[in-house]
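Step one of this worksheet: look at the structure below.
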Protein chains: 2
Amino acid sequence: MAAEPATADAVEDALVDDPLLADDRITAVGLLFEASALVARELEHGLVDRAGLTSPWWEVLIRLGRTPGHRLRMSELAHAMASITPSGLTRLVDRMEEAGLVERQTCAEDRRGAFAALTPAGQAQLLAALPDHLADIDRVLVGVLSSRDLAALERCLRLVRDRLQAPVGEADAGH
Amino acid sequence: MAAEPATADAVEDALVDDPLLADDRITAVGLLFEASALVARELEHGLVDRAGLTSPWWEVLIRLGRTPGHRLRMSELAHAMASITPSGLTRLVDRMEEAGLVERQTCAEDRRGAFAALTPAGQAQLLAALPDHLADIDRVLVGVLSSRDLAALERCLRLVRDRLQAPVGEADAGH
DNA sequence: AGTGAATAGTTGTAAGCGCAAGTATATAGG
DNA sequence: CCTATATACTTGCGCTTACAACTATTCACT
């Protein structure tokens, strides 16, 4: 590849005229990412300031809190959290365990596995931070839309998620 | 706060019954984050595998490519990119400059400032990666929805974004 | 039972990011 | 003109993350 920057004027014009750069699809993903990032930033600031909890910590607390028994296999938790890998989850649970919010429990049926379980302290943190967090969600997302719009948004997002989240054991042309 | 983990059974029941944990608002943000993260992961893998470009690199290329003149002030770029801070942008542009995809240009009107500008190599990378990327967007987002649903989704996301993105110089109760 | 492949989870290593503090320039007020 | 404050960007530092390689256990097949 030629590495020398030459006069760029000719190329610039070609670029501006390229119809692909104006494609609506770019706008569509851009909107999804921007809205998500802005909401995430807003909510995280609230959680950090009021409860000292970052987004990943909060997501672990919420997912365990909403699960009967308040515990999940590490692999289930890792799969459910789209924004982290198994490796990242190991250290995340390390830190949360050190902070006393969750604990690891051995799995009797599969001795390779481990559960992450909410501790009483973790449950207390979760319940303490929840009301203000819900109010924030209202302020930045739910309250911005009519209930009809919100329902439509959720339906669309669910379609997208389900397309990408559950490609396990599904139809796969060949075999 | 008592730090000793006791038998957690009593607390667990209280938690399960807490109506706040079942609140629909949690589901709503959860869907937004999951859909966004899954789409982001999918698109990033495509970009990395085919073009060696990570998401932040791609976003810089796209934003510069879609700007007349193919350059933006560092501060404008940082503000537009919801998922990075000015500090992060400095190093991101450092690396992209080292890779030859962008270059810094001094700003005549404000000598504190700097432009980030696309190089010919950056423009070439952008155009080379674009067709496959658009196809990926189709596969994971646009093609999943009817055109009516897509329009509704975009409208909702725009409402959310505009609420959070432009709180500059707007109404602010007191003064 | 016994061997090979798959799965659950963890760890070494390196890269990327944000916060807070620093430097340089611009702007406002006396 | 001169000082004080604000803005644009960068840098020191520590934390978090992903990728790839590793260990332990289970499953499939003979």
Side-chain angles (χ1 to χ4, degrees), chain A residues 33 37-38 40-49 52-60 71-99 101-117 168-169, chain B residues 33 37-38 40-49 52-60 71-99 101-117 168-169:
Chain A
F33 292 164
L38 288 168
R41 167 182 298 184
E42 203 73 15
L43 295 182
E44 168 138 37
H45 277 147
L47 284 170
V48 169
D49 292 348
L53 294 168
T54 63
S55 297
W57 287 46
W58 179 252
E59 187 172 355
V60 168
R71 59 180 210 173
L72 282 170
R73 288 287 293 272
M74 292 292 286
S75 50
E76 293 177 298
L77 196 48
H79 184 250
M81 293 177 67
S83 50
I84 207 171
T85 62
S87 160
L89 182 65
T90 291
R91 331 254 191 169
L92 175 55
V93 169
D94 285 348
R95 296 189 294 273
M96 294 183 72
E97 195 166 21
E98 199 171 1
L101 300 182
V102 302
E103 65 179 6
R104 281 187 173 81
Q105 293 173 354
T106 59
C107 177
E109 308 133 2
D110 185 341
R111 285 162 55 193
R112 293 168 301 182
F115 287 99
V168 184
Chain B
F33 292 165
L38 288 168
R41 168 182 296 184
E42 203 73 15
L43 294 182
E44 168 139 36
H45 277 147
L47 285 170
V48 169
D49 292 347
L53 295 168
T54 62
S55 297
W57 288 45
W58 179 252
E59 188 172 354
V60 168
R71 60 181 211 172
L72 282 169
R73 287 288 293 273
M74 292 292 286
S75 50
E76 292 177 295
L77 196 48
H79 183 251
M81 293 179 66
S83 50
I84 207 170
T85 61
S87 161
L89 182 65
T90 291
R91 332 257 191 163
L92 175 55
V93 169
D94 285 346
R95 295 189 295 274
M96 294 183 71
E97 196 166 20
E98 198 171 1
L101 300 182
V102 303
E103 65 179 6
R104 281 187 172 80
Q105 295 173 353
T106 59
C107 178
E109 307 134 3
D110 186 341
R111 284 162 54 193
R112 294 168 300 181
F115 287 99
V168 184

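A, B, ... follow the sequence lines: proteins, then strands. Residue 1 opens every chain. Fair warning: this is a prediction, and the values are worked out from it, not measured in the lab.
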Next item on the list: Please name the pair of heavy atoms, one in Leu77(B) and one in Ala116(B), separated by the smallest distance, quoted to 0.1 Å.
Entry: CD2-CB, 4.2 Å
Check: When the distance from CG of Leu72(A) to C1' of dG9(C) is rounded to whole Å, what number comes out?
Finding: 15 Å
Notebook entry, point to check: Reckon Arg111(B) has a side-chain N or O less than 4.0 Å from the OP1 or OP2 of dT7(D)?
Noted result: no
Item checked: Which residues share a side chain to side chain donor-acceptor pair (under 3.5 Å) with Ser55(A), sequence neighbours left out -> Glu44(A)
Next item on the list: Go through the steps to decide whether Leu92(B) and Met81(B) satisfy the test side chain to side chain contact (heavy atoms under 4.5 Å, CB included), and finish with yes or no.
Entry: CA-CA 12 Å; Leu92(B) 175 55; Met81(B) 293 179 66; 4.2 Å; yes
Next item on the list: Treat primed atoms plus P, OP1 and OP2 as sugar-phosphate and everything else as base, then score nucleotides 15-23 of chain D 5' to 3': B for base contact with protein heavy atoms under 4.0 Å, S for sugar-phosphate contact only, - for none.
Entry: -SSBB----
Notebook entry, point to check: Rounding to a whole Å, what distance do you find between Glu44(A):CD and dC17(C):P?
Noted result: 15 Å
Checklist line | Taking every non-hydrogen atom, the tightest pair across Cys107(A) and Ala114(A) | finding: CB-N, 4.4 Å
Extract from the structure each pairing of a protein N or O with an N or O of nucleotides 1-8 of chain C at less than 3.5 Å, listing the distance.
| residue | atom | partner | partner atom | Å |
| --- | --- | --- | --- | --- |
| dT7(C) | O2 | Arg112(A) | NH1 | 2.6 |
| dA8(C) | O3' | Arg73(A) | NH2 | 3.3 |

Item checked: Heavy-atom pair with the smallest gap, counting every atom of Leu53(A) and Leu101(A) -> CD2-CD1, 4.1 Å
Item checked: Non-neighbouring partners of Ala37(B) that pass side-chain contact (heavy atoms from CB on, under 4.5 Å), sequence neighbours left out -> Ala82(A), Ser83(A)
Check: ring pair (Phe, Tyr, Trp, His ring centres under 6.0 Å) with Trp58(A): which residues, sequence neighbours excluded?
Finding: His133(A)
Note to self: Could you tell me how far apart Asp94(A) (CG) and dG9(C) (P) are, to the nearest whole angstrom?
What the structure shows: 13 Å
Check: Rounded to the nearest Å, what distance is computed from the CE atom of residue Met96(B) to the P atom of nucleotide dG16(C)?
Finding: 12 Å
Next item on the list: Tell me, please, which residues at least two apart from Arg104(A) pass side chain to side chain donor-acceptor pair (under 3.5 Å).
Entry: Asp94(A), Glu97(A)
